Number of protein chains: 2
Amino acid sequence: MGMVTDSEDVTENGSALARSQAARRRRVLDVTLAMADRGGFDAVQMRDVAAEAGVALGTVYRYFESKERLLLEANVEQVELLGERLLERPPEGTEAVERVVDVLNRACRWLTRRPDATAAMVRALGSARPTEADAVARISTSMGQIITAAMHAGEPTERDLAVARILTQVWLASLVGWVGGVDGPEVIARDLERAARLLIA
Amino acid sequence: MGMVTDSEDVTENGSALARSQAARRRRVLDVTLAMADRGGFDAVQMRDVAAEAGVALGTVYRYFESKERLLLEANVEQVELLGERLLERPPEGTEAVERVVDVLNRACRWLTRRPDATAAMVRALGSARPTEADAVARISTSMGQIITAAMHAGEPTERDLAVARILTQVWLASLVGWVGGVDGPEVIARDLERAARLLIA
DNA sequence: TAGGGAATTAGAACGTGTTCCAATATGGGA
DNA sequence: TCCCATATTGGAACACGTTCTAATTCCCTA
């Protein structure tokens, strides 16, 4: 549970100011996710987020410099949550390939089960600008860790890291394709499985 | 030169109406590319495109349903052009791996040489919606063909196609990462080379 | 408990993608 | 050649992300 750093630290700080700020931030994030869940990127409108979270529009912008950042931060948490879930019930399979495929499939199912929220995340990822680089990096790092963890216990080798990185990229590109309407969710699963089998001997 | 279907057919049609329409369309596309080249996605403003192309704003929208579509169509041509360039001077190397790496490197250099235009394309790709699915598909298909062509002459096998698809996805995701400021152009080249070497035994 | 500095608020305002419309220009067919 | 469908135009209008400001509220500290 020691993965998240910033937000949690603030929560622990007993100062009343910090506490109310953390609470506000949380409310905004929650509202954002809820709205993204039903309607995707376009359904998340800054004015609405502010109104529903009970804060002023300017306050939302004080916490999140842009709509993309807001959506990215909300989804960093989600992906990290996904990582924890996957750890709780470890991937099945005796071979590394099998475990990785299993984990990728589960991740895929988990994401496509909330299509609008995922679409919103992907669109934010796809139109991210350098200011949001750190949030984008956090997401792909999380995904990379999920994959290396599935390979085997202990430190991943150089090669493991390279393979995980490629799989993360295939994962991202597949999602972009899916959100862009190029192909359906079954194609994501197929592509990921094929990539895993080709990369992990 | 028989790859492009729609637009060229129209050009061949001698009707005066069709000819002036094709000319307008071309002007808009050219202006779009020029603007994207210096300033990226944000520098392409619909009003400016219309003004500089000498047409009304409504006319731009008659030809291209959205800014994303406009940028995508303009870049489909560019990627197809890239494909032709790469065919003119065939990739170097006796092994398939070498040829693919060569082609990927050249494609990468070609794209990062016009950073703003590429950034605009990637951002359009990343925020594409299902309405633009066909344009997105054309771009990744082109890239896929570039890669399979580099592998060997003749029909690509099932496995070739799968590998090419993965490499296309890595290519796309790398570009997204680059545009998003996560990593520099040298990382794209490194990732692509590693992926190619891992996938093509 | 009073003062001061920071956070928050409400709302106006701006930029740009997108839509809409009435008026006009254009080109093909009778 | 004249007429009509249709493409084009100019510009207003709208939506939403983003910025800005003046007034207000909140909390820490002396």
Side-chain angles (χ1 to χ4, degrees), chain A residues 10 13-29 31-32 35-36 39-74 120 123-124 126-132 135, chain B residues 7 10-11 13-29 31-32 35-36 39-74 120 123-124 126-132 135:
Chain A
V10 171
N13 183 338
S15 130
L17 175 59
R19 219 165 333 112
S20 79
Q21 286 183 330
R24 251 187 281 269
R25 197 188 134 89
R26 181 104 303 278
R27 247 164 31 232
V28 172
L29 285 174
V31 166
T32 299
M35 287 183 148
F41 192 89
D42 295 321
V44 179
Q45 304 201 352
M46 301 304 270
R47 285 175 240 263
D48 297 353
V49 169
E52 199 148 326
V55 302
L57 182 54
T59 306
V60 176
Y61 276 96
R62 156 172 269 276
Y63 286 83
F64 308 96
E65 67 194 341
S66 67
K67 180 174 172 176
E68 281 77 26
R69 169 135 243 138
L70 173 58
L71 278 162
L72 287 173
E73 302 250 356
R123 230 178 113 187
S127 51
R129 305 140 124 322
T131 347
E132 286 107 28
Chain B
S7 42
V10 172
T11 310
N13 181 339
S15 129
L17 175 59
R19 220 169 326 116
S20 79
Q21 285 184 330
R24 252 187 281 267
R25 199 186 133 88
R26 180 104 302 277
R27 260 185 351 255
V28 172
L29 285 174
V31 166
T32 300
M35 287 181 149
F41 192 89
D42 294 323
V44 179
Q45 304 202 353
M46 300 305 270
R47 285 174 239 262
D48 297 354
V49 170
E52 199 148 328
V55 300
L57 182 55
T59 306
V60 176
Y61 275 97
R62 156 173 272 277
Y63 286 81
F64 308 95
E65 67 193 341
S66 67
K67 180 174 172 176
E68 280 77 26
R69 168 133 244 139
L70 173 59
L71 278 162
L72 287 174
E73 302 249 356
R123 228 179 115 188
S127 52
R129 306 138 124 325
T131 347
E132 287 108 28

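Each chain gets a letter, A, B and so on, in the order the sequences are listed, and its residues count up from 1. In this text, all values refer to a predicted model and were calculated from it rather than measured experimentally.
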Footprint ends on DNA chain C, 5' to 3', for atoms under 4.0 angstrom from a heavy atom of chain A, come out as C:dA7 to C:dA13
Check: A:M46 and A:L70 side chains under 4.5 Å, non-hydrogen atoms: yes
Answer whether the closest heavy-atom distance between the side chains of B:Q45 and B:E52 falls below 4.5 Å. no
Do A:F41 and A:E68 touch side chain to side chain, with heavy atoms closer than 4.5 Å? yes
Please round to the nearest 0.5 Å and tell me the distance separating atom CD of B:E132 and atom CD of B:E65. 5.5 Å
For B:F64, is there any backbone N or O sitting under 3.5 Å from a side-chain donor or acceptor partner on B:R69? no
Is a side-chain N or O of B:K67 found less than 3.5 angstrom from the main chain of B:A124, in a donor-acceptor match? no
When we call it a touch if two heavy atoms are under 4.0 Å apart, what does B:Y63 touch: a base, just sugar-phosphate, or nothing? sugar-phosphate
Report yes if some heavy atom in the side chain of A:V31 is under 4.5 Å from a heavy atom in the side chain of A:M35; otherwise report no. yes
For every nucleotide of nucleotides 17-30 of chain D, 5' to 3': is a protein heavy atom under 4.0 Å from its base (B), only from its sugar-phosphate (S), or from neither (-)? BBB--------S--
When rounded to the nearest 0.5 angstrom, what distance separates CD in A:Q21 from OG1 in A:T59? 10.0 Å
Once you round it to whole Å, what is the distance between C1' of D:dC16 and CG of A:D48? 10 Å
